[in-house]
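Let me begin by presenting the structure, written as C-alpha cells, before commenting on it.
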Amino acid sequence: MFTQPLVPVGNNLVLSFLLAASPIIVTLILMGVLRRPAWQATLGGLIIGLVMAVAVWGIPSSLAFASVSNGMVFSILPVMWIALSALFLFNIAIQTGRFDAFRMWIITHLPNDRRIMLVVLGFCFSAALEGVAGFGTPVAITSALLIMLGFPALEALTYVLIFNSAPVAFGGLGIPITVLASITGLPATTLGSTIGLQLAPFACLIPFYVMALYAGWRSVKQLWPVLLVAGGSFAVTMVVVSTWITYSLSNVLSSSISLVATILFLKFWQPVPDPAYAVDEAYLAQAPAQTGHWSGPHWQGWIPWIVVVLVVIVWDSLHIAKIGATPVHWPGLDQQVFISLYQKPYAAVWNFEPLGTGTAILVSALLTALITRISPQKFWAALKTTARQGWLAVITVALTIGLAFLMNYSGMTYTLGYAVASTGILFPFVSVFLGWIAVFLTGSDTSGNALFGNLQVAAAHQLSLDPVLFASANSAGGVMGKMISPQNITTGVAVTSLKGQEGVVLARTFKHSIFLTLLMGLVVVFQQYILH
C-alpha cells in the first residue's frame, strides 16, 4: 500500500505546496496567459502532474495511471453524459424551432433592452438550468441564446459564467450538499442552511456586479429595481427554502421564483428606454438559421425547458437513478493508497448509474422530440451536431478530471490542503480557496466537497472553530472557482464561435473569480469571529 507523503520536499511545506500546485499553475498559464486551447492546457497540467506525482510524491506509476483512468471514466459517466444529453436537448430545440420560439417569446415579453435580457436569461434562466443539469450546460445554452439576441460571443459567455456562480452549491437538486454531509458526517439540513446564508449576499450582489461590468454604474442606477427583484427574490427564497423547507429544492425554487418575479415585475415597471442598449429590430426579425425558424406560437419555446425540469424532479423523487446502480471497485487502485492526513485507506469506487441524471435529461430530450414531432432528418442532424460540439469537450474534461484524481491519490491535493490548514488564525479567510482549487480542478462543487470537506472539518476542530461553518465554506468558496474551470469553460464554448479560445475566456473571468472568492473569505471571517 502506498502511503501519501504530506511534505515530500525536504520537510519544507512551502516548497511542497508550490510543487503540488504546479499542475494548476501550468494549466492556468497555458490557458490564461499563452491562450492555448483548453485540451492543450489540461494535457500540459496532466503531464506535469504525472512527473510530480511519480518523481516527488513517489506514487508507483501503476497507481498513477490507474487513478488517471478512474478519473477519465468518471468524467464520461456521469459528468459528460449529463452535459452531452443537455446539449442534445438544446440541439433538438434548435432543429424544431423551439429555441427560436423561445427567443421570440423573450423579444415579445421583455423590454427591448439587452441589459434586461442579460439579467433575465443570464441570471434567472441559467440558474434554473443549473438546478437540473449543471456541468457547464447552463452556460452553453444561455450563452447561445444571448448570442442569438445580438450579444457578442465573448461577452455572453463571460457574463453567464459569472452569473452561474450563485446557484452552483444547490445545483443538481442539492447533490453537492448531500455529498458534503455524507463525507463529513454533519447534518445536511444544517449545512444547507449555512451555505444558503453564505451565498445569499452574493445572489443579491451578482446582478449588480455583472451589470456594472457590462453597462457601467449609470445603468446600475437606471436598473436597480429589477436587479434587486432578480437577486433579492433569489436570495430570500434560497434562505427560506434551505433553512425551513429542504435544501434539495433550494436552487430549483429560487431560480423559478426569481424568473417569474422578474418577468412579472417588468410588466409593471420598465427602465427608461436607452437606444444604446436596444437590440436592432431588423436583426431580431431574422431567424438565426433556416432549420431553426419558427412561425407558430411563441409559448412553445418553453416546452424543452419545462419538460426537463419536470422529468428531473420526478426522476429524483422516485429515486430512479438508484435502479441498476452498481459500485465498481477500481482494479489496482481501490484501497491501495493510505491517506496520511485522514489516517485511513483511500477507496476508489466508481458508481455506475445507467439511469442517472444524464439519462433523465436524455429522456427529456426524447420526450421533447416526440412532443414537437421532429422529423427523422432533423433528429439525426441534432445528434450529429451534438457529437461535433461535444467531442473536444469530452477530451478536455477527461484530461482535467484525470489530473484531479491523480493529484488526489498521489497526495498532492492533500499537501495543498494541509498547507492551507496550517495558516492558523488566517484559516477562516483562506479556507474558501480550498473549495476554489477543488472546483477549478474538477469543475464540480460536488467533487470539491468530497475532496476537501473532511479536511475543512479536521482543521476547524484543531483550531477550535465551527466545523459546520468551514465545511460550508468549502462549498460556498468552490462555486467561485466554477467560472474558471476548464471543464465549465470548454462546455460553454462548445456552442459558440469561441471553440479553441478557452484561454481568452479564462483571462476575462479569472480576476472576477479571485475577487469574489476573497469576498466570500470575508463573509466566513465575519461569521466566525463576529457572529459566533
Side-chain angles (χ1 to χ4, degrees), residues 1-34 36 38 40-68 70-71 333 336-343 346 399-424 426-427 430-443 447-448 451-452 454-456 458-459 474 477-478 481 484-486 506 510 513-514 517:
M1 180 180 288
F2 167 68
T3 301
Q4 296 177 342
L6 281 176
V7 190
V9 187
N11 206 33
N12 187 314
L13 185 57
V14 174
L15 186 55
S16 297
F17 174 85
L18 291 174
L19 290 180
S22 60
I24 302 173
I25 295 170
V26 167
T27 302
L28 286 172
I29 290 175
L30 286 173
M31 275 185 66
V33 179
L34 301 180
R36 305 307 305 166
Q40 295 180 14
T42 51
L43 177 60
L46 178 57
I47 292 171
I48 296 298
L50 282 168
V51 171
M52 292 295 170
V54 174
V56 180
W57 270 258
I59 188 173
S61 57
S62 60
L63 291 178
F65 286 103
S67 64
V68 172
N70 188 7
L333 184 63
Q336 296 301 305
V337 174
F338 188 78
I339 308 175
S340 302
L341 194 63
Y342 296 159
Q343 290 294 300
Y346 203 156
L399 292 170
T400 303
I401 299 185
L403 170 61
F405 273 55
L406 171 67
M407 292 182 66
N408 295 351
Y409 284 94
S410 66
M412 296 169 70
T413 300
Y414 294 101
T415 297
L416 293 173
Y418 181 62
V420 172
S422 302
T423 54
L426 293 176
F427 180 69
V430 300
S431 67
V432 294
F433 281 94
L434 286 179
W436 182 88
I437 290 170
V439 174
F440 166 79
L441 281 172
T442 64
S447 299
L451 190 59
F452 279 143
N454 260 337
L455 175 62
Q456 298 271 16
N474 191 79
I484 62 165
S485 168
L506 173 64
F510 185 79
S513 177
I514 294 293
T517 307

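Note: hydrogens, waters and symmetry copies are ignored here, and every other heavy atom, side chains too, is used.
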Between Gln4 and Trp57, is there a donor-acceptor pair closer than 3.5 Å when you use the side chain of the first and the backbone of the second?
no
Could you report the tightest heavy-atom contact between Met412 and Gly49, atom names first, then the distance?
SD-O, 4.0 Å
Using every non-hydrogen atom in the two residues, find where Val54 and Ser61 come nearest and quote the distance to one decimal.
CG2-CA, 4.4 Å
So, for Met31 and Ala41, which heavy atoms are closest and what is the spacing to 0.1 Å?
CG-CB, 3.1 Å
Side-chain touch Thr42/Leu403, heavy atoms, less than 4.5 angstrom:
no
Parallel, tilted or perpendicular for Phe440 and Trp436, by the 30°/60° rule?
parallel
Using a 6.0 Å cut-off, check whether atom CZ of Phe2 has over 12 heavy atoms from anything other than its own residue.
yes
How many angstroms lie between atom CG of Leu50 and atom OG of Ser67, to the nearest 0.5 angstrom?
7.5 Å
For Thr415 and Gly411, indicate whether the former's side chain and the latter's backbone hold a donor-acceptor pair under 3.5 Å.
yes
Please report the C-alpha distance between Val33 and Phe510 in whole Å, then the side-chain angles of each, then the deciding distance to 0.1 Å, and finally whether the side chain to side chain contact (heavy atoms under 4.5 Å, CB included) criterion is met.
CA-CA 11 Å; Val33 179; Phe510 185 79; over 6 Å; no
For the CG atom of Leu506 and the CD1 atom of Ile29, what is their distance to the nearest 0.5 Å?
11.0 Å
Of all the heavy-atom pairs spanning Leu6 and Ser340, show the shortest one and how long it is.
CG-CB, 4.2 Å
In Å and rounded to the nearest 0.5 Å, what is the OG1 to CD1 distance from Thr517 to Ile484?
7.5 Å
Can you tell me how far the CG atom of Leu19 sits from the CE atom of Met52, to the nearest 0.5 Å?
5.0 Å
Contact summary for Pro5 and Ser410, nearest pair of heavy atoms
CD-O, 4.2 Å
Look only at the side chain of Ser16 and the backbone of Leu13, and say whether a donor-acceptor pair between them is shorter than 3.5 Å.
no
Keeping Asn474 on the side-chain end and Gly448 on the backbone end, is there a donor-acceptor pair under 3.5 Å?
yes
Do side-chain atoms of Thr3 reach the backbone of Phe338 as a donor and acceptor pair under 3.5 angstrom?
no
Taking the side chain as every heavy atom from C-beta outward, state whether Pro60 and Gln336 have any pair of such atoms under 4.5 Å apart.
no
Against Met407, only a single residue in Ile437, Leu46, Thr413 fulfils side chain to side chain contact (heavy atoms under 4.5 Å, CB included); can you say which?
Thr413
Within a strict 4.5 Å, meaning less than it, do heavy atoms of the Phe433 and Ile514 side chains meet?
yes
Between atom CG of Leu28 and atom CG of Leu34, what is the distance when rounded to the nearest 0.5 Å?
11.5 Å
Can you tell me if OH on Tyr418 sees more than 12 non-hydrogen neighbours from other groups inside 6.0 Å?
no
So CG of Leu43 and CG of Leu399: to nearest 0.5 Å the spacing works out to 5.5 Å
What's the shortest heavy-atom distance between Val26 and Gly45, and which atoms?
CG1-N, 4.2 Å
Measure the acute angle between the ring planes of Tyr346 and Tyr414, then classify it against the limits of 30° and 60° as parallel, tilted or perpendicular.
perpendicular
